[in-house]
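In each ligand, atom 1 is the first atom listed, and ligand 1 is the first ligand listed. Residue numbers start at 1 and run along the sequence shown.
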Amino acid sequence: MGNTSRPGSVVIEQINHAPFEVAGERYFVQELVWNGISGRSYELVNSHEEILTEDESFDDHPTDAQIATVLEGLGIDCGMETCKFCREAVLPARAYRHDNGWVGSCCWDERLRMTA
Ligand SMILES: [Zn+2]
């Protein structure tokens, strides 16, 4: 039995990342692993399993700002906050409270939990 599937044409693994909530709706990032290639693609999916990035999936896990761009394009207000360390825009649902500010998953380290 020869496998004639073209590399990059078949999803061989699907990884659903931790869900998060924006404006009362749950979303998650779905990571797709393809046959025969090392590149992966990442989709933003809503709680109805609808892929919101069908036309243009991400090549890397999207940043909070990229996720917000997709959601705001759909008219969803993400209420973005700013990461106190790198000043990136972060989604509160994916960020951590630290002192009086926010730390995004970009800069969060479990050690910070001790000092929050
Ligand atoms: Zn950061």
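- Residues H61 and E31 have side chains that never bring a donor and an acceptor to within less than 3.5 angstrom of each other.
- Cluster membership check: F28 shares its hydrophobic cluster with I51, using side-chain heavy-atom separations under 4.5 Å among Ile, Leu, Val, Met, Phe, Trp and Tyr.
- Salt bridge status for K84 with D99: present, with a side-chain N to carboxylate O gap under 4.0 Å.
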| task | Start with the C-alpha gap between Y27 and V22, add the side-chain angles, then the distance that decides, and say whether side chain to side chain contact (heavy atoms under 4.5 Å, CB included) holds. | result | CA-CA 7 Å; Y27 300 90; V22 177; 4.0 Å; yes

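- Only protein atoms were considered; those of element N, O or S under 2.8 Å from the Zn ion (ligand 1) number 4.
- A heavy-atom distance below 4.5 Å is found between the side chains of I67 and R94.
- Judged by distance alone, the side chains of T82 and E88 never bring a donor and an acceptor atom under 3.5 Å apart.
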